[in-house]
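Notes follow the structure.
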Amino acid sequence: MPELPEVETIKRGLIPSLKGNIIKNVILRRKNLRIPFPENLQQALEGQKIEGIKRRSKYLIFELDSDDCMIMHLGMSGKVLVKEKKPEEFEKHDHIIIEFSDGKTLVFNDARRFGLVTLCKKSELEKHKLFSALGPEPLSNNFNEEVLYNALRNKSSPIKNAIMDAHVVVGVGNIYACESLFRSGLSPLKKSSSISKKKIGELTANIINVLNEAIESGGSTLKDYVHANGEMGYFQHSFQVYGREGEDCGTCLKAIKRVKQLGRSTFYCPNCQK
DNA sequence: CGCGCTCCCTGGCCGC
DNA sequence: TGCGGCCAGGGAGCGC
(Lines give C-alpha, C1' and ligand atoms only; values in the text may rest on other atoms or scores of the structure.)
Protein backbone atom coordinates (compact mmCIF):
# COMPACT_ATOMS: atom_id res chain seq x y z
CA MET A 1 0.00 0.00 0.00
CA PRO A 2 1.57 3.12 1.17
CA GLU A 3 4.64 5.05 0.22
CA LEU A 4 6.17 7.78 2.35
CA PRO A 5 3.39 10.39 1.92
CA GLU A 6 0.71 7.90 2.91
CA VAL A 7 2.59 6.74 6.01
CA GLU A 8 3.31 10.35 6.98
CA THR A 9 -0.39 11.20 6.57
CA ILE A 10 -1.39 8.21 8.69
CA LYS A 11 1.10 9.22 11.37
CA ARG A 12 -0.28 12.75 11.50
CA GLY A 13 -3.80 11.39 11.71
CA LEU A 14 -2.96 9.05 14.58
CA ILE A 15 -1.22 11.56 16.84
CA PRO A 16 -4.29 13.55 18.00
CA SER A 17 -6.14 10.38 19.01
CA LEU A 18 -3.31 8.37 20.46
CA LYS A 19 -0.68 10.66 21.95
CA GLY A 20 -0.98 10.53 25.72
CA ASN A 21 -3.52 7.72 25.49
CA ILE A 22 -3.02 4.56 27.56
CA ILE A 23 -3.20 1.06 26.10
CA LYS A 24 -5.75 -0.95 28.04
CA ASN A 25 -5.96 -4.19 26.10
CA VAL A 26 -4.33 -5.82 23.07
CA ILE A 27 -6.01 -8.51 20.98
CA LEU A 28 -3.86 -10.56 18.59
CA ARG A 29 -5.93 -12.51 16.10
CA ARG A 30 -2.93 -14.36 14.66
CA LYS A 31 0.67 -15.01 15.65
CA ASN A 32 2.51 -13.32 12.84
CA LEU A 33 2.49 -11.13 9.78
CA ARG A 34 5.60 -11.12 7.58
CA ILE A 35 7.56 -12.01 10.71
CA PRO A 36 6.29 -13.50 13.98
CA PHE A 37 5.01 -11.09 16.62
CA PRO A 38 7.35 -10.89 19.64
CA GLU A 39 6.35 -13.34 22.38
CA ASN A 40 5.86 -10.48 24.82
CA LEU A 41 4.02 -8.09 22.50
CA GLN A 42 0.87 -7.91 24.59
CA GLN A 43 2.65 -7.56 27.93
CA ALA A 44 4.97 -4.91 26.50
CA LEU A 45 2.06 -2.81 25.26
CA GLU A 46 -0.65 -3.16 27.89
CA GLY A 47 -0.66 -0.40 30.48
CA GLN A 48 1.71 1.75 28.45
CA LYS A 49 1.10 5.35 27.47
CA ILE A 50 1.80 6.43 23.87
CA GLU A 51 4.34 9.21 24.26
CA GLY A 52 4.64 9.96 20.58
CA ILE A 53 4.48 8.57 17.05
CA LYS A 54 7.32 8.96 14.58
CA ARG A 55 8.04 7.81 11.06
CA ARG A 56 11.30 6.47 9.62
CA SER A 57 11.14 5.45 5.98
CA LYS A 58 7.77 3.70 5.65
CA TYR A 59 7.80 2.51 9.26
CA LEU A 60 5.62 3.90 12.03
CA ILE A 61 7.27 4.04 15.44
CA PHE A 62 5.03 4.23 18.51
CA GLU A 63 7.02 5.44 21.51
CA LEU A 64 5.83 4.01 24.81
CA ASP A 65 6.58 5.35 28.27
CA SER A 66 8.71 2.29 28.96
CA ASP A 67 12.07 1.85 27.23
CA ASP A 68 10.33 0.21 24.28
CA CYS A 69 8.70 1.28 21.08
CA MET A 70 6.46 -0.60 18.72
CA ILE A 71 7.53 -0.67 15.08
CA MET A 72 4.79 -1.07 12.48
CA HIS A 73 5.07 -1.49 8.72
CA LEU A 74 2.00 -1.55 6.49
CA GLY A 75 3.46 -3.53 3.59
CA MET A 76 1.33 -3.24 0.46
CA SER A 77 -2.16 -3.59 1.83
CA GLY A 78 -1.93 -2.60 5.52
CA LYS A 79 -4.34 -0.13 7.10
CA VAL A 80 -4.54 1.30 10.60
CA LEU A 81 -7.84 2.81 11.63
CA VAL A 82 -8.86 4.58 14.83
CA LYS A 83 -12.42 3.72 15.85
CA GLU A 84 -14.38 5.49 18.54
CA LYS A 85 -15.08 2.21 20.29
CA LYS A 86 -14.29 -1.44 19.99
CA PRO A 87 -16.06 -2.89 16.94
CA GLU A 88 -18.83 -5.40 17.63
CA GLU A 89 -17.38 -7.75 15.05
CA PHE A 90 -13.96 -7.94 13.51
CA GLU A 91 -13.52 -7.50 9.78
CA LYS A 92 -11.66 -10.05 7.74
CA HIS A 93 -7.89 -9.44 8.06
CA ASP A 94 -8.17 -7.37 11.26
CA HIS A 95 -5.01 -8.81 12.84
CA ILE A 96 -4.31 -6.57 15.83
CA ILE A 97 -6.80 -4.61 17.93
CA ILE A 98 -5.48 -2.17 20.53
CA GLU A 99 -8.01 -0.76 23.00
CA PHE A 100 -7.24 2.50 24.78
CA SER A 101 -8.34 3.78 28.15
CA ASP A 102 -10.52 6.52 26.61
CA GLY A 103 -12.54 3.92 24.68
CA LYS A 104 -10.88 4.42 21.29
CA THR A 105 -9.57 1.40 19.39
CA LEU A 106 -6.72 1.07 16.91
CA VAL A 107 -7.28 -1.65 14.33
CA PHE A 108 -4.49 -3.01 12.11
CA ASN A 109 -5.88 -4.67 8.99
CA ASP A 110 -3.64 -6.19 6.31
CA ALA A 111 -5.04 -8.55 3.71
CA ARG A 112 -1.76 -9.51 2.09
CA ARG A 113 0.16 -9.70 5.36
CA PHE A 114 3.31 -8.12 3.96
CA GLY A 115 3.26 -5.79 6.96
CA LEU A 116 5.00 -6.31 10.28
CA VAL A 117 4.70 -5.35 13.93
CA THR A 118 7.59 -5.73 16.34
CA LEU A 119 9.21 -4.18 19.40
CA CYS A 120 12.52 -2.42 19.90
CA LYS A 121 14.30 -0.63 22.73
CA LYS A 122 14.21 3.10 22.04
CA SER A 123 17.96 3.35 22.50
CA GLU A 124 18.56 0.62 19.91
CA LEU A 125 16.33 1.88 17.12
CA GLU A 126 19.10 3.15 14.87
CA LYS A 127 20.97 -0.13 15.30
CA HIS A 128 17.90 -2.24 14.56
CA LYS A 129 18.24 -4.49 11.54
CA LEU A 130 15.30 -2.77 9.87
CA PHE A 131 16.88 0.67 10.16
CA SER A 132 20.65 0.29 10.27
CA ALA A 133 21.19 0.13 6.52
CA LEU A 134 18.63 2.74 5.47
CA GLY A 135 19.54 5.71 3.32
CA PRO A 136 18.58 9.31 4.09
CA GLU A 137 15.07 10.61 4.65
CA PRO A 138 14.17 12.50 1.48
CA LEU A 139 12.48 15.34 3.36
CA SER A 140 15.40 15.94 5.72
CA ASN A 141 18.61 17.93 5.40
CA ASN A 142 20.46 14.64 4.91
CA PHE A 143 19.12 14.43 1.38
CA ASN A 144 20.42 16.74 -1.33
CA GLU A 145 21.97 16.80 -4.79
CA GLU A 146 25.41 15.92 -3.46
CA VAL A 147 24.18 12.91 -1.51
CA LEU A 148 22.11 11.52 -4.37
CA TYR A 149 24.82 12.11 -6.94
CA ASN A 150 27.38 10.27 -4.84
CA ALA A 151 24.99 7.38 -4.27
CA LEU A 152 24.36 7.01 -8.01
CA ARG A 153 27.63 7.87 -9.69
CA ASN A 154 28.91 4.27 -9.64
CA LYS A 155 25.60 2.48 -10.05
CA SER A 156 24.99 0.45 -13.18
CA SER A 157 21.30 -0.11 -12.46
CA PRO A 158 18.54 1.92 -14.15
CA ILE A 159 17.72 5.18 -12.38
CA LYS A 160 14.22 4.05 -11.42
CA ASN A 161 15.55 0.96 -9.63
CA ALA A 162 18.16 3.08 -7.89
CA ILE A 163 15.80 5.68 -6.42
CA MET A 164 13.50 2.90 -5.18
CA ASP A 165 16.44 1.32 -3.36
CA ALA A 166 16.15 2.16 0.34
CA HIS A 167 19.95 2.22 0.65
CA VAL A 168 19.98 5.24 -1.66
CA VAL A 169 16.99 7.15 -0.32
CA VAL A 170 14.02 5.84 1.65
CA GLY A 171 10.31 6.20 1.05
CA VAL A 172 10.28 6.46 -2.75
CA GLY A 173 8.01 3.69 -4.00
CA ASN A 174 6.73 2.86 -7.45
CA ILE A 175 4.32 5.79 -7.83
CA TYR A 176 6.61 8.58 -6.71
CA ALA A 177 9.61 7.13 -8.55
CA CYS A 178 7.63 7.30 -11.80
CA GLU A 179 6.29 10.78 -11.11
CA SER A 180 9.58 12.35 -10.05
CA LEU A 181 11.35 10.93 -13.13
CA PHE A 182 8.65 12.35 -15.41
CA ARG A 183 9.01 15.78 -13.82
CA SER A 184 12.76 15.56 -14.37
CA GLY A 185 12.52 14.52 -18.03
CA LEU A 186 14.59 11.45 -17.20
CA SER A 187 13.97 8.02 -18.67
CA PRO A 188 13.46 5.42 -15.93
CA LEU A 189 15.60 3.07 -18.03
CA LYS A 190 18.65 5.34 -18.07
CA LYS A 191 21.75 4.01 -16.38
CA SER A 192 22.23 5.80 -13.05
CA SER A 193 25.92 6.51 -13.46
CA SER A 194 25.41 8.18 -16.84
CA ILE A 195 23.25 11.02 -15.52
CA SER A 196 24.80 14.47 -15.14
CA LYS A 197 25.07 16.12 -11.77
CA LYS A 198 22.79 18.90 -12.96
CA LYS A 199 20.08 16.38 -13.85
CA ILE A 200 20.52 14.64 -10.50
CA GLY A 201 19.99 18.03 -8.89
CA GLU A 202 16.68 18.39 -10.73
CA LEU A 203 15.67 14.87 -9.77
CA THR A 204 16.50 15.56 -6.12
CA ALA A 205 14.26 18.63 -6.14
CA ASN A 206 11.47 16.76 -7.91
CA ILE A 207 11.54 13.84 -5.48
CA ILE A 208 11.21 16.30 -2.61
CA ASN A 209 8.48 18.31 -4.34
CA VAL A 210 6.34 15.38 -5.38
CA LEU A 211 6.51 13.87 -1.89
CA ASN A 212 5.62 17.19 -0.25
CA GLU A 213 2.73 17.79 -2.64
CA ALA A 214 1.42 14.28 -2.01
CA ILE A 215 1.55 14.83 1.76
CA GLU A 216 -0.35 18.10 1.34
CA SER A 217 -3.00 16.16 -0.61
CA GLY A 218 -3.29 13.53 2.09
CA GLY A 219 -1.50 10.88 0.03
CA SER A 220 -2.75 8.85 -2.92
CA THR A 221 -5.74 6.54 -2.68
CA LEU A 222 -5.52 3.74 -5.22
CA LYS A 223 -7.48 0.71 -4.14
CA ASP A 224 -8.03 0.95 -0.47
CA TYR A 225 -5.56 3.29 1.18
CA VAL A 226 -7.32 5.50 3.69
CA HIS A 227 -6.22 7.81 6.48
CA ALA A 228 -6.43 6.82 10.12
CA ASN A 229 -9.90 8.40 10.16
CA GLY A 230 -11.04 6.52 7.05
CA GLU A 231 -10.84 9.47 4.63
CA MET A 232 -9.20 9.12 1.25
CA GLY A 233 -6.18 10.94 -0.11
CA TYR A 234 -6.47 12.73 -3.42
CA PHE A 235 -2.97 13.05 -4.89
CA GLN A 236 -3.87 10.28 -7.37
CA HIS A 237 -5.68 12.97 -9.38
CA SER A 238 -2.30 14.65 -9.86
CA PHE A 239 -0.53 11.66 -11.38
CA GLN A 240 1.06 12.57 -14.71
CA VAL A 241 2.21 9.09 -15.71
CA TYR A 242 1.47 6.51 -13.01
CA GLY A 243 -1.37 4.20 -14.05
CA ARG A 244 -1.88 6.07 -17.35
CA GLU A 245 -0.60 3.62 -19.94
CA GLY A 246 -1.89 4.53 -23.40
CA GLU A 247 -3.17 7.96 -22.35
CA ASP A 248 -1.79 11.18 -23.83
CA CYS A 249 1.21 12.74 -22.14
CA GLY A 250 0.09 16.11 -20.75
CA THR A 251 3.16 17.77 -22.24
CA CYS A 252 3.65 16.31 -25.74
CA LEU A 253 0.34 14.44 -26.29
CA LYS A 254 2.14 11.23 -27.24
CA ALA A 255 1.15 7.96 -25.56
CA ILE A 256 2.40 7.05 -22.10
CA LYS A 257 4.11 3.70 -22.07
CA ARG A 258 4.32 0.91 -19.51
CA VAL A 259 7.32 -1.38 -19.10
CA LYS A 260 8.46 -3.76 -16.36
CA GLN A 261 11.44 -3.10 -14.14
CA LEU A 262 12.27 -5.45 -11.28
CA GLY A 263 8.91 -7.06 -11.86
CA ARG A 264 7.00 -3.82 -11.28
CA SER A 265 5.22 -1.56 -13.73
CA THR A 266 7.02 1.59 -14.80
CA PHE A 267 5.01 4.34 -16.51
CA TYR A 268 6.76 7.02 -18.55
CA CYS A 269 6.63 9.20 -21.65
CA PRO A 270 9.34 7.98 -24.07
CA ASN A 271 9.18 11.31 -25.89
CA CYS A 272 9.62 13.63 -22.89
CA GLN A 273 11.87 11.39 -20.78
CA LYS A 274 15.32 10.74 -22.24
C1' DC B 1 29.88 -6.63 -3.77
C1' DG B 2 26.15 -5.13 -6.78
C1' DC B 3 22.36 -6.40 -9.06
C1' DG B 4 17.98 -8.63 -10.48
C1' DC B 5 14.78 -12.48 -9.86
C1' DT B 6 11.57 -14.74 -7.03
C1' DC B 7 8.75 -15.14 -3.39
C1' DC B 8 5.85 -13.94 0.65
C1' DC B 9 -0.06 -13.42 0.57
C1' DT B 10 -4.81 -12.09 -0.69
C1' DG B 11 -8.14 -10.03 -3.56
C1' DG B 12 -9.99 -7.52 -7.56
C1' DC B 13 -10.62 -7.37 -12.32
C1' DC B 14 -10.68 -8.94 -17.06
C1' DG B 15 -11.38 -12.20 -20.70
C1' DC B 16 -12.95 -16.58 -22.05
C1' DT C 1 -21.11 -17.92 -12.91
C1' DG C 2 -16.77 -19.83 -12.72
C1' DC C 3 -12.05 -20.13 -13.53
C1' DG C 4 -7.42 -18.90 -14.91
C1' DG C 5 -4.27 -15.29 -15.49
C1' DC C 6 -2.62 -10.96 -14.40
C1' DC C 7 -2.22 -7.05 -11.57
C1' DA C 8 -1.26 -4.43 -7.04
C1' DG C 9 1.40 0.92 -3.06
C1' DG C 10 7.07 -3.39 -0.22
C1' DG C 11 10.97 -5.76 1.00
C1' DA C 12 14.03 -9.89 2.20
C1' DG C 13 16.82 -13.49 0.54
C1' DC C 14 19.33 -15.87 -2.65
C1' DG C 15 22.13 -16.83 -6.63
C1' DC C 16 24.93 -15.12 -10.32
Side-chain angles (χ1 to χ4, degrees), chain A residues 1-11 29-37 55-60 71-80 91-95 108-118 128-135 138 150-181 188-194 207 210-211 214-215 217-227 232-239 241-246 258-267:
Chain A
M1 174 241 41
E3 301 187 32
L4 185 148
E6 290 73 40
V7 179
E8 179 65 24
T9 300
I10 289 167
K11 183 200 82 179
R29 300 190 63 230
R30 53 180 301 120
K31 293 180 296 190
N32 66 299
L33 290 168
R34 197 171 77 213
I35 60 174
F37 297 141
R55 178 190 59 74
R56 171 77 171 111
S57 187
K58 297 168 190 167
Y59 295 90
L60 290 167
I71 301 169
M72 181 180 283
H73 192 282
L74 303 177
M76 296 268 258
S77 57
K79 285 171 278 187
V80 277
E91 307 272 330
K92 199 171 182 185
H93 310 303
D94 283 351
H95 303 309
F108 183 116
N109 179 294
D110 182 12
R112 289 173 75 182
R113 306 207 300 267
F114 287 0
L116 71 83
V117 171
T118 193
H128 194 284
K129 197 178 160 196
L130 293 170
F131 299 113
S132 59
L134 290 181
N150 284 331
L152 301 181
R153 61 190 305 169
N154 294 319
K155 272 202 177 291
S156 60
S157 52
I159 184 64
K160 189 221 181 196
N161 298 5
I163 59 173
M164 287 181 68
D165 180 347
H167 300 99
V168 173
V169 57
V170 303
V172 181
N174 206 23
I175 293 175
Y176 300 107
C178 292
E179 294 297 318
S180 59
L181 288 166
L189 309 172
K190 195 172 168 73
K191 190 175 171 180
S192 301
S193 59
S194 72
I207 289 171
V210 77
L211 292 175
I215 291 170
S217 301
S220 302
T221 295
L222 294 186
K223 285 185 159 176
D224 51 8
Y225 157 77
V226 288
H227 299 185
M232 300 196 307
Y234 50 92
F235 190 73
Q236 65 276 12
H237 303 302
S238 303
F239 292 168
V241 286
Y242 185 83
R244 306 188 64 159
E245 180 184 15
R258 177 166 76 110
V259 294
K260 283 236 170 204
Q261 291 181 284
L262 290 181
R264 328 243 338 235
S265 289
T266 296
F267 299 89

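Basis for what follows: all heavy atoms, side chains included, without hydrogens, waters or symmetry-related copies. Note that the structure is predicted; figures quoted are calculated from it, not measured. Naming: A, B, ... by sequence-line order, numbering from 1 per chain.
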With rounding to whole Å, what would you report as the distance between C:dG11 and B:dC1 at their P atoms?
22 Å

Please report, rounded to the nearest Å, how far the C1' atom of C:dA12 is from the CE atom of A:M164.
14 Å

Could you tell me how far apart A:I163 (CD1) and C:dG10 (P) are, to the nearest whole angstrom?
12 Å

Just to be sure I follow the notation: if a pair is Watson-Crick (purine N1 to pyrimidine N3 plus N6-O4 or O6-N4) or a G-U wobble (N1-O2 and O6-N3), each under 3.5 Å, what dot-bracket string does DNA chain B give, with | for pairs to another strand?
.|||||||.|||||||

By side chain to side chain donor-acceptor pair (under 3.5 Å), which residues pair with A:K190, not counting sequence neighbours?
none

Short side-chain donor-acceptor distance under 3.5 Å, A:T221 and A:Q236:
no

So, is A:S77 close to the C:dA8 phosphate, meaning a side-chain N or O under 4.0 Å from OP1 or OP2?
no

Is a donor from one side chain sitting under 3.5 angstrom from an acceptor on the other, for A:S193 and A:K155?
no

OP1 or OP2 of B:dG2 sitting under 4.0 Å from any side-chain N/O of A:K155?
no

Across the strands shown, which category fits A:Y242 at heavy-atom distances under 4.0 angstrom: base, sugar-phosphate, nothing?
sugar-phosphate

Distance test, side-chain N/O of A:H93 to OP1/OP2 of B:dT10, below 4.0 Å
no

Go through the structure and list residues passing ring-ring contact (aromatic ring centres under 6.0 Å, His included) with A:Y242, not counting sequence neighbours.
A:F239, A:F267

Would you kindly give the NZ-to-P distance between A:K260 and C:dC7, to the nearest whole Å?
4 Å

Phosphate-side-chain proximity, A:R264 and C:dA8, N/O vs OP1/OP2 below 4.0 Å:
no

Any protein N or O atoms within reach of nucleotides 4-8 of chain B? Criterion: under 3.5 Å, listing atom names and distances.
{"residue": "B:dG4", "atom": "OP2", "partner": "A:N161", "partner atom": "ND2", "Å": "3.4"}

Within-4.5 Å side-chain heavy-atom neighbours: A:N109 and A:E91
yes

d(NZ, A:K92; P, B:dG12) in whole Å:
8 Å

Considering residues at least two apart in sequence or located in another chain, which fulfil the ring-ring contact (aromatic ring centres under 6.0 Å, His included) criterion with A:F37?
none

Value in whole Å for how far the C1' atom of C:dG9 lies from CE of A:M232:
16 Å

Counterpart residues, side chain to side chain donor-acceptor pair (under 3.5 Å), relative to A:R244 (two or more places apart):
A:E247

To the nearest angstrom, how far is A:E6 atom CD from C:dG10 atom C1'?
12 Å

